[in-house]
Structures are given as C-alpha cells and as structure tokens.
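Right, one structure below, let's go through it.
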4 protein chains.
Amino acid sequence: MAGGAKARRLPRVVRERQMVDAAVRCFARHGYQAASMDEIAELAGVSKPLVYLYLGSKEELFTACIRREAAALLGAVAAEVGEAEVPPDERLWAGLLAFFTYAAEHPDAWVVLSRQARTHGEPFAGEVARMRDEIVGFVAGLIGEAAGMVIAGRDVEALAQALVGSAESLASWANETPGVTAKEAAATLMNFAWAGLGNLMKSERWSPR
Amino acid sequence: MAGGAKARRLPRVVRERQMVDAAVRCFARHGYQAASMDEIAELAGVSKPLVYLYLGSKEELFTACIRREAAALLGAVAAEVGEAEVPPDERLWAGLLAFFTYAAEHPDAWVVLSRQARTHGEPFAGEVARMRDEIVGFVAGLIGEAAGMVIAGRDVEALAQALVGSAESLASWANETPGVTAKEAAATLMNFAWAGLGNLMKSERWSPR
Amino acid sequence: MAGGAKARRLPRVVRERQMVDAAVRCFARHGYQAASMDEIAELAGVSKPLVYLYLGSKEELFTACIRREAAALLGAVAAEVGEAEVPPDERLWAGLLAFFTYAAEHPDAWVVLSRQARTHGEPFAGEVARMRDEIVGFVAGLIGEAAGMVIAGRDVEALAQALVGSAESLASWANETPGVTAKEAAATLMNFAWAGLGNLMKSERWSPR
Amino acid sequence: MAGGAKARRLPRVVRERQMVDAAVRCFARHGYQAASMDEIAELAGVSKPLVYLYLGSKEELFTACIRREAAALLGAVAAEVGEAEVPPDERLWAGLLAFFTYAAEHPDAWVVLSRQARTHGEPFAGEVARMRDEIVGFVAGLIGEAAGMVIAGRDVEALAQALVGSAESLASWANETPGVTAKEAAATLMNFAWAGLGNLMKSERWSPR
DNA sequence: AATGAATGAGCCTTCATTCAT
DNA sequence: GATGAATGAAGGCTCATTCAT
C-alpha cells in the first residue's frame with residue numbers, strides 16, 4: 001500500500017557517499033561549472049534539497065569530493081610505501097605503482113584531482129595543492145636520501161616537481177591510451193627517473209656548451 | 001591631450017588582437033566558464049556586440065585564443081630548434097629553453113594552453129592536443145635519434161610523454177615560484193631527462209626486484 | 001484578509017493554466033516575437049524560471065497555447081454539430097454558431113489562432129493548419145452531402161476554403177465591430193453561403209428554425 | 001586602383017526600389033520582427049547605413065512596403081473594374097480576376113499585405129486596413145447596387161466582409177496549392193458568392209460571358 | 001553616393017539556492 | 001528523512017541604430 005518507488009530512507013552516511021560518488025562523476029565529466037546540481041542529485045537518486053541539506057553548497061560539495069579522493073590517493077600510496085629502512089628506489093617504485101594503480105582504477109577521481117580541482121581557482125586549487133605538496137615532499141625526501149649532499153636543496157625540489165609532473169602526465173596518458181597498464185607506466189617512469197637520477201648522483205651532469 | 005577616454009575607430013585587425021589579448025587574460029584568470037563576455041569586452045575596451053561581430057561566439061573566441069597561442073608557442077620552439085645536423089641533446093636543450101622562455105614570458109597564455117584548454121572538453125581539448133602531439137612527436141624523434149635501436153617504439157612514446165609532462169609541470173611550477181628562471185628550469189629538466197636517457201641508451205635499466 | 005500579495009505554492013496544473021492564460025493574452029496583444037517572457041511571467045504572477053521549468057521554452061509555450069486553444073475551439077464546434085441524420089444546413093448552422101460564439105468569448109485565443117500562429121512560420125503554422133484542415137474537411141463533407149454528385153471534388157474543397165475563409169474574416173470583423181453578436185454574424189454567413197447572393201436578391205433567405 | 005566590385009552609384013529612385021523589393025521579400029519570408037535590417041541590406045546589395053539614409057527606420061521601411069504594394073494591388077483592381085454602366089456581376093468578376101491575378105503574380109507582396117501587416121499592430125494594421133476598407137466599400141457598393149433596397153445597410157457591409165474574407169482565404173490557398181490558377185479561384189468564388197450554394201445545388205451556375 | 005566601425009538595450013535561458021510541508 | 005514549489009541573479013547573444021569618413 002505504501003511507499004512510491006522513490007529513494008528509501010537510508011542512513012545519512014550512505015546517502016552522503018552516494019552523493020559524493022555522483023558528484024565526482026559529474027565533475028569529472030563536465031567540469032566544475034558545467035556540472036549542475038540538478039544532474040548530480042538525479043544521478044545520486046535523491047532530490048536537490050537533500051544534497052544541500054547534507055553537503056551545504058556546490059562549493060562545499062566539490063571540496064568534499066577533492067578531500068575524499070585526495071585522502072584516498074594519499075592513503076593508497078602511503079600504504080604501499082615501506083618503512084624508512086627500505087632503500088629509496090624500492091620505496092619510489094612502490095609509491096609509483098600504487099599511484100598509477102589508483103589513477104587507473106579511479107579514472108573519474110583522477111580527472112577531478114589532476115584537472116578540475118586545479119583549474120577552478122581557490123579554494124579548490126589550494127585543497128589539492130596540499131595533497132600534491134605532500135607527494136612532492138615525499139619524493140624530494142627520497143631524492144635527497146639517495147643523493148646525499150650531492151644535489152643542492154633547490155634542485156631537489158625542482159627534480160621532485162619534474163618527477164611528479166611526469167607521473168601525472170603519464171597517468172593521464174595511460175588512462176587515455178588503451179593497452180597501457182599501470183605497471184608498465186610505472187616501470188617506464190622508474191627507468192626515466194631513476195636512471196637519470198642515478199647519473200645525477202654520480203655528478204655526471206649534462207651541461208649546455 | 002592625454003590618452004583619449006576610448007581609443008575609437010581602429011582597424012579591425014587591431015581590435016581583434018586587443019580582444020584576443022583580453023580574452024586570454026580573462027580565460028587564464030577565471031577559466032572558460034567563469035570568464036564573462038562582458039568582462040572580456042570591458043578589458044578590451046570595446047562593447048560586447050563588437051566582440052561578437054568580430055569573433056563570433058564565446059566558443060569561437062576561446063578557440064581563437066588557443067589557436068593563436070599554440071601557434072606562437074610552437075613557432076617559438078621551432079625557431080630555436082636547430083637543423084637536423086645538430087646533435088639531439090643540443091636540439092632538445094634549445095627547444096626546452098625556448099619552451100620555458102615562452103611560458104615565462106606569456107604566463108596567461110601558458111595557463112590557457114596547459115590548463116583551461118585541456119579541462120573544458122571538446123572542441124578545445126582537441127585543439128590543444130594537436131599542438132601537444134606535435135611537441136611529443138618532436139621529442140620522440142629526438143629520443144629515437146639518440147637511442148638508436150636500443151629502445152622499443154612503444155617505450156619511446158611513453159618516455160616522450162613523461163618528458164613533456166615534466167616540462168609542463170616544471171613550467172607551471174617555475175611560473176608560480178619566485179626566483180626560478182626559465183634557464184634554470186630548462187637546465188634542471190635537461191639533467192633529469194638526459195642523464196636519465198643517457199643511461200637508458202646504455203641499457204642500464206632500473207628494474208624492480 | 002484581502003487577497004494575498006502573491007498566491008504561492010499552487011499545484012503545478014493550476015500554475016500551468018495560469019501561465020498559458022497569460023501567454024495567450026500576451027501573444028495575442030503583441031505577437032509571438034514582441035511578447036516577452038518577462039511580461040508573460042509577470043502577468044501570470046510567477047517568476048520567469050518557473051515558466052521555463054513548467055513550459056520549457058518560448059517556442060514550446062506558444063505551441064502549448066496553440067494546442068490548447070485549437071483543441072478547445074474544435075471541441076466547442078464538435079459538441080454542437082449534431083449527428084449524421086440531421087440535415088447538412090442545420091449542422092452547418094450549429095457549427096457556425098458554435099464557432100462564432102467561441103471566437104467572441106475568447107477573443108485573445110482567436111487572435112492567436114487566426115493570426116499569430118499562422119504568421120510565424122513553423123512549427124506554429126503547421127500546428128494550427130492541422131486544426132483548420134479538420135474544419136475545412138468537415139465543411140467540405142457538408143457541402144458534398146448537400147450537393148450530391150453535382151459539384152466536382154476539387155470544387156468542393158475550394159468552396160470549403162472560401163466558406164471557412166469568410167467565417168474567419170467575419171469572426172475577426174465581428175470581434176472588432178461593436179454591436180455585432182455571434183448569432184448575427186453566423187446568420188449573415190449562413191445567408192451568404194447557403195442561400196447565395198443570387199437568392200438574396202429575390203429575398204429567399206435562409207433562416208434558422 | 002579604382003572602385004571595388006561593390007554597388008555602383010545608382011540614382012536614388014533605383015536604389016530605393018531595390019531596397020523595398022528586398023524588404024518585401026524578407027518581411028514576407030521571415031515576418032516583420034524576424035527580418036533583420038542586415039539581411040535586407042545584403043539582399044538589396046547595399047550597406048545598412050544607406051538603407052537608413054533612404055528609408056529612415058525599420059518601421060518606415062515596412063510601412064513603405066505596405067504602401068507600395070497596397071497601391072499596386074488597388075491600382076491593378078481599379079484598372080480592370082469597368083465603369084458604372086457595366087452590370088455589377090461583371091464588374092465583380094473583373095475585380096476578382098484582377099485581385100487573384102495580382103496575388104498570384106506577387107506572392108511575397110500578398111503575404112506582406114494579408115498576413116504580416118495585419119499581425120504586427122499599429123501603425124501597420126491601420127495602413128493596410130485603409131486599403132482593405134476601400135475594397136470592402138467597393139464590394140459593398142456592388143452588392144447594394146445588385147440588391148437594391150432588399151438588403152439592409154448593416155447586412156450589406158457584413159456580406160462584403162464575408163466576400164472579401166473568402167477572397168483572401170482563397171487567394172492564399174491558391175498560392176499554396178499547386179495547379180490552381182487565378183482564373184479558377186476567381187470562378188469558384190464567383191459561383192460561391194453570386195450563384196450561392198443553394199443555386200449550385202440546382203446546377204444554376206454563374207459564368208463569365 | 002556610400003560604408004566600415006561601433007554601441008545601448010533587451011531578450012531568452014540557466015543555475016544555485018531556499019521555503020513550506 | 002525527504003521533497004515539490006519557487007526565485008534572484010547573471011550570462012550569452014542579437015538587433016536596430018548611429019558616427020566618422
């Protein structure tokens with residue numbers, strides 16, 4: 001006799017997860033501005049006011065997406081990277097593998113983090129920048145650890161930026177290119193980065209003539 | 001006698017340049033969607049209908065920005081890269097230097113090309129993808145030239161993607177970080193890339209244990 | 001206690017009727033293009049977005065007006081025209097009377113149907129053409145019934161076109177001319193059409209019984 | 001060195017005719033509002049400011065179209081209608097034939113007069129109403145002449161309205177229906193109006209001598 | 001005689017957001 | 001817990017019209 005076919009009463013946590021899931025998808029596909037709250041609500045299977053009741057506003061919703069996915073990515077990487085006793089190249093390899101795997105398994109989240117969040121100004125850029133800084137810092141730590149005193153501090157950060165940038169670029173390329181696995185992408189980057197860094201450590205630098 | 005309130009009655013070509021200049025700036029600062037035609041027109045010092053008369057629509061205007069800046073960047077790089085007789089590392093160095101210089105001197109254009117154009121779907125993504133593919137192809141050519149038969153074709157493209165990605169990342173980082181010159185950024189990347197590639201050429205690969 | 005400032009929170013069906021009412025009036029008075037959605041919304045006592053939410057677009061709104069009024073007019077005529085056993089002149093008389101009565105009681109709707117809808121191209125013209133064709137067909141049927149085999153098929157349609165055209169013309173004229181009732185207009189047309197001017201000269205008038 | 005391929009200096013009268021020709025066509029095809037001054041100028045082969053210089057404004061231009069075509073139609077009819085000594089049925093026949101012929105040979109003008117001008121309010125409706133009143137008056141004169149004292153004055157005008165209305169309707173129908181000539185349409189109307197449906201049933205048709 | 005350059009004003013449409021139930 | 005009803009604000013685009021040459 002009762003209830004329509006519509007959404008049933010679910011605990012708040014579940015509903016929120018549905019909404020953020022839907023939002024990540026919409027934001028990834030259409031971008032922050034083009035994604036409409038109507039579409040997100042519909043995709044989540046709830047009415048618009050409920051989205052506002054739980055998530056506050058479009059800005060807060062986007063922020064929630066970024067935070068959740070950034071934490072998940074960081075967590076996935078951190079879980080794989082070993083303890084400090086493990087040699088730096090192995091730790092880098094583990095981190096890269098975890099990173100590429102996450103990007104491959106959550107393409108929408110990766111688009112949100114790598115593109116949408118960084119393209120739409122504050123407060124979103126800052127939100128994702130925090131996560132990226134953590135990764136850059138971690139990579140810089142590994143580089144410093146491997147290079148000892150050979151490389152200047154300023155250079156260490158620049159190298160970390162380059163490495164992280166190439167990882168981002170490869171991840172997007174791998175997601176868009178059929179037949180490229182996360183492991184292959186990680187291996188390519190590891191060769192690119194470590195063989196190069198390996199030379200740097202021996203002070204065999206390339207220099208313009 | 002001092003500057004007129006409104007420079008009026010200029011030839012079409014001049015006005016169009018002013019408009020695209022203003023548009024690049026607005027699109028870089030606010031993004032494609034958030035930038036309003038009102039603001040662009042005001043910044044260009046003309047009325048909105050004139051923008052539509054000359055540039056057609058917001059979409060066409062954005063495309064015009066992308067095309068103009070992509071051509072300028074490509075042209076700047078191509079002008080510095082030497083002939084085929086020059087050794088590949090020198091050509092890469094020349095190209096990187098030209099690239100970082102352009103990005104540093106036209107920060108708004110760089111934001112439009114590297115971020116905004118790639119974040120707002122078709123037809124913009126395709127437009128800038130064409131330019132990027134040319135650069136990736138050029139870099140892949142250099143890598144192939146330097147590596148001979150040592151590296152497989154598939155790997156060559158992946159390496160080129162990684163190198164271009166790290167260049168993009170470094171360029172944005174250099175633009176945002178005070179005190180980093182284009183030459184420094186290019187040198188860092190050259191070390192990162194060439195010393196690494198140098199090892200690859202000797203088949204001294206890193207591999208997971 | 002007196003009328004509320006804004007009758008709020010009405011069920012959708014009621015609001016839609018109010019909006020179409022307002023639209024018919026605006027379209028009749030200013031024409032399709034000159035009528036503004038702002039004015040229609042204001043006259044309906046709602047905000048513009050609600051009009052779009054319920055009716056879709058200006059084009060759809062105009063189409064809704066045409067459909068509603070065409071159906072109402074057709075329905076009013078069909079309800080008065082008797083069964084097939086009734087002689088054709090009496091059925092024509094009943095139909096004409098219903099037609100002129102509707103036009104007189106709904107002058108705005110009549111303007112929309114007879115003028116605006118037919119003047120602003122597709123898809124509006126086609127929409128009202130369907131209704132008119134039904135009426136022309138009905139009249140042609142009566143003429144054929146009355147004339148037997150005496151009149152050729154092609155002529156029957158031409159005569160029906162002429163009769164319907166004169167009815168339209170008279171309806172508009174009656175609406176604009178003070179003191180002309182629907183019944184008088186219908187009687188004039190019945191004389192004109194049925195008895196014929198040739199008979200009128202001999203004072204052989206047709207008259208409703 | 002010399003003049004571009006553009007419009008050559010022509011005397012004002014010629015240019016004005018070109019412009020009004022173009023305007024009649026545009027107004028007929030798109031309606032008063034939808035027709036743009038840009039399109040009219042382009043179709044006339046001149047620049048927009050010249051249209052304004054010669055014709056004043058869109059409203060004046062539309063009025064000029066209406067006036068010119070109304071005068072032409074009236075003139076064509078008046079030229080064919082004989083003198084007062086000719087019997088009324090023959091004069092009506094001559095007038096109808098001239099009218100249908102003009103409508104068939106100038107379909108755009110006919111659309112402007114019969115539809116566009118009457119649909120877009122003052123001052124256009126009044127402009128064309130004057131012409132129509134002249135025709136109605138002429139027809140009413142013929143009816144009165146034929147009917148003598150038998151028909152009351154009020155009825156005479158109503159009958160004239162009906163006759164003119166059916167003529168308008170038939171003219172549009174004939175223009176839209178392939179294979180219907182002006183002469184056939186005039187004959188049908190003459191039968192309808194003069195002999196009357198009652199007589200048609202007895203096969204007592206009126207026919208041109 | 002004729003035109004390229006330029007604009008004020010307005011319209012359709014959409015969206016994030018809230019209120020009352 | 002959940003929603004149908006409703007809107008303020010803003011943005012893209014077009015058009016009739018004029019100025020300076």
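Chain letters run A, B, ... following the sequence lines, proteins first, then strands; residues in each count from 1.
Atom CZ of A:Phe27 and atom CG of A:Leu113 lie 13.0 Å apart (nearest 0.5 Å). Between the CG atom in D:Leu10 and the CZ atom in D:Arg15 there is a gap of 4.0 Å [rounded to 0.5 Å]. Considering CD of A:Glu42 and CE of A:Met37, their distance stands at 14.0 Å, rounded to 0.5 Å.
With DNA chain E read from its 5' end, the first of the two nearest nucleotides for A:Glu59 and C:Gly56 is the one closest to C:Gly56. Residue-to-nucleotide proximity on DNA chain F shows that, of B:Asp38 and A:Ser47, the 5′-proximal contact is made by A:Ser47.
Under the 4.5 Å side-chain criterion, counting only non-hydrogen atoms from C-beta, A:Arg25 is not in contact with A:Ile40.
Rounded to a whole Å, the CD atom of B:Glu60 is 10 Å from the P atom of F:dT14. One interatomic measurement links the two molecules: NE2 of C:His30 to P of E:dC12, which rounds to 12 Å at whole-angstrom precision. Rounded to whole Å, the distance from CD1 on A:Ile40 to P on E:dT17 is 11 Å. Spacing between atom CD of A:Gln33 and atom P of F:dA10 amounts to 15 Å, rounded to whole angstrom units. Atom P of nucleotide F:dA16 and atom CG of D:Leu61 are separated by 11 Å, given to the nearest angstrom. Protein atom CD of C:Gln18 is 13 Å distant from nucleotide atom P of F:dA5, rounded to whole Å. The CD atom of D:Glu39 sits 15 Å away from the C1' atom of F:dA16 (whole-angstrom rounding). Between the NZ atom of A:Lys58 and the P atom of E:dT18 there is a distance of 14 Å, given to the nearest Å.
Distance from the side chain of D:Val46 is smallest for E:dT3 among the nucleotides F:dT17, E:dT3, E:dA6. Checking F:dC19, F:dG12, E:dT17 against the side-chain heavy atoms of B:Arg9 singles out F:dC19 as nearest. Across E:dA16, F:dT17, F:dT7, the shortest atom-to-atom separation from the side chain of A:Met37 is found for E:dA16. Each of F:dG12, E:dA16, F:dA6 was ranked by its minimum atom distance to the side chain of C:Leu10; first place goes to F:dA6.
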Watson-Crick and G-U pairing of DNA chain F written in dot-bracket, each distance under 3.5 angstrom, with | for inter-strand partners: .||||||||||||||||||||

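Residue-level contact check: B:Arg12 touches the backbone only, with heavy atoms under 4.0 Å from sugar-phosphate atoms and none from bases. Residue contacts for B:Ala35: at a heavy-atom cut-off of 4.0 Å it reaches the sugar-phosphate backbone alone, with no base atom in range.
A donor-acceptor pair under 3.5 Å is formed between the side chain of C:Glu122 and the backbone N or O of C:Gly126. Looking at A:Lys58, its side chain does come within 3.5 Å of a backbone N or O of A:Ala35 through a donor-acceptor pair.
A close approach under 4.0 Å does not occur between any side-chain nitrogen or oxygen of B:Arg15 and OP1 or OP2 of E:dG4.
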Side chain to side chain contact (heavy atoms under 4.5 Å, CB included) evaluation trace for B:Arg17 with B:Arg68: CA-CA 10 Å; B:Arg17 183 152 36 77; B:Arg68 191 183 79 173; 3.8 Å; yes

Verdict with supporting geometry, A:Val51 and A:Met19, side chain to side chain contact (heavy atoms under 4.5 Å, CB included): CA-CA 7 Å; A:Val51 180; A:Met19 292 177 191; 4.1 Å; yes

Steps toward side chain to side chain donor-acceptor pair (under 3.5 Å) verdict (C:His120, D:Gln33): CA-CA 10 Å; C:His120 290 98; D:Gln33 314 251 12; over 6 Å; no

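A cation-pi arrangement is absent between A:Arg118 and A:Phe124, since the terminal nitrogen or guanidinium carbon is not both under 6.0 Å from the aromatic centre and inside a 45° cone about the axis.
Across residues 48-55 of chain C, C:Pro49, C:Leu50, C:Tyr54 each have a non-hydrogen atom less than 4.0 Å from an atom of DNA chain F (numbered order).
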